[in-house]
Amino acid sequence: MKILAFDIGGTEIKYAFCDENFNLTEKKSIPTNAHEGGKRIIERVVEIIKNCDGIDRIGISTAGQVDSKRGEIIFATDSIPGYTGTKIKEIIEAETGIPTAVENDVNSAAIGEAIFGAAKGVDSFVCLTYGTGIGGAVYLDNKLFTGASFSAGEFGHIVTHAGGRSCTCGGKGCYEAYASAKALVGDVAEKIGRNMNGREIFAEFDNPEIRDVIDNWIDEIVIGLKSLIYIFNPLLIVAGGGIINEAYITDEVNKRLEDELMDSFRKVKVVKAIMGNDANKLGAAYLASKL
Ligand SMILES: [Zn+2]
């Protein structure tokens, strides 16, 4: 079976071929040109598919909230104008006649990690991605849990500080306002009066002022994770996002969780996502292979 797998993000559309052993080949990427709108993005995806021969299935991982049964975008922010309501599966299948699976990008990545990556062989885990915000996915009893309206796992907006910092969702005190990579960058800038990115912050790890901010930020990560652990009782928490590659973070988070969790929950381990950019495409390809 030959699958063409796409990963549609706000800045890039990445795609690759995927064989029956789930090897990705001929990885390519084009700019999303999000300002041209959701309709045009899907037209360009269709053009790419039509230029490839012998494709049996299409797998699509995409930004936005996705009704994965219908393969359409329920909601997308203005980062891709007009994307909300786009019937991706219907359009692609009508234009190409090739069965198509569509899933949200964080959920696709969770499936990629579940089948091929950090959570291989683990039947219940949660995924979190620490970036500008905090994305999440819930994988229970060997399948993705998507909730009543395909939106489960919005962990960035669980409230960890009632009445606290304002959040992009309109609420106050959300987890991502304190524990995202963006929050760390903001906290460092406030403390030392310099704008530094994540890499620069960790390069000055020995600066006690910066170290202090990092340690407080790790406490914020732990506060949110504790709630998730008590809700889901997962064996594993798969953490992604460039900043998580700093080993100090996962080491410290695991240490603090072990100190703070009730006995029966302490088996849980926080590990880094290992599939990187390929997780989304592989997850989408896997879903497509099951059509
Ligand atoms: Zn929020």
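For clarity, every value in this text was computed on a predicted model and none was experimentally measured. Nothing fancy with the numbering, it's 1 onward along the sequence. Whatever order the structure lists ligands and atoms in, that order sets their numbers, starting from 1.
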Show, in sequence, the C-alpha distance, side-chain angles and deciding distance for E36 and E43, and conclude whether the side chain to side chain contact (heavy atoms under 4.5 Å, CB included) test is met. CA-CA 11 Å; E36 293 177 0; E43 280 172 9; over 6 Å; no
From CA spacing to verdict: ring-ring contact (aromatic ring centres under 6.0 Å, His included), Y175, F155: CA-CA 7 Å; Y175 185 41; F155 300 143; 8.3 Å; no
Assign the ring pair F22 / F116 to parallel, tilted or perpendicular, where the plane angle (0 to 90°) is split at 30° and 60°. tilted
For K255 and D259, what are the C-alpha separation, side-chain angles and deciding distance, and is it a salt bridge (Lys or Arg N to Asp or Glu O under 4.0 Å)? CA-CA 6 Å; K255 217 179 287 171; D259 287 345; over 6 Å; no
Side chains of P31 and E12 in contact at under 4.5 Å (non-hydrogen atoms): no
Within 45° of the six-membered ring axis of F6 and under 6.0 Å from that ring's centre, is NZ or CZ of K14 located there? no
Mind listing the protein N/O/S atoms less than 2.8 Å away from the Zn ion (ligand 1)? Waters don't count. H157 ND1, C167 SG, C169 SG, C174 SG
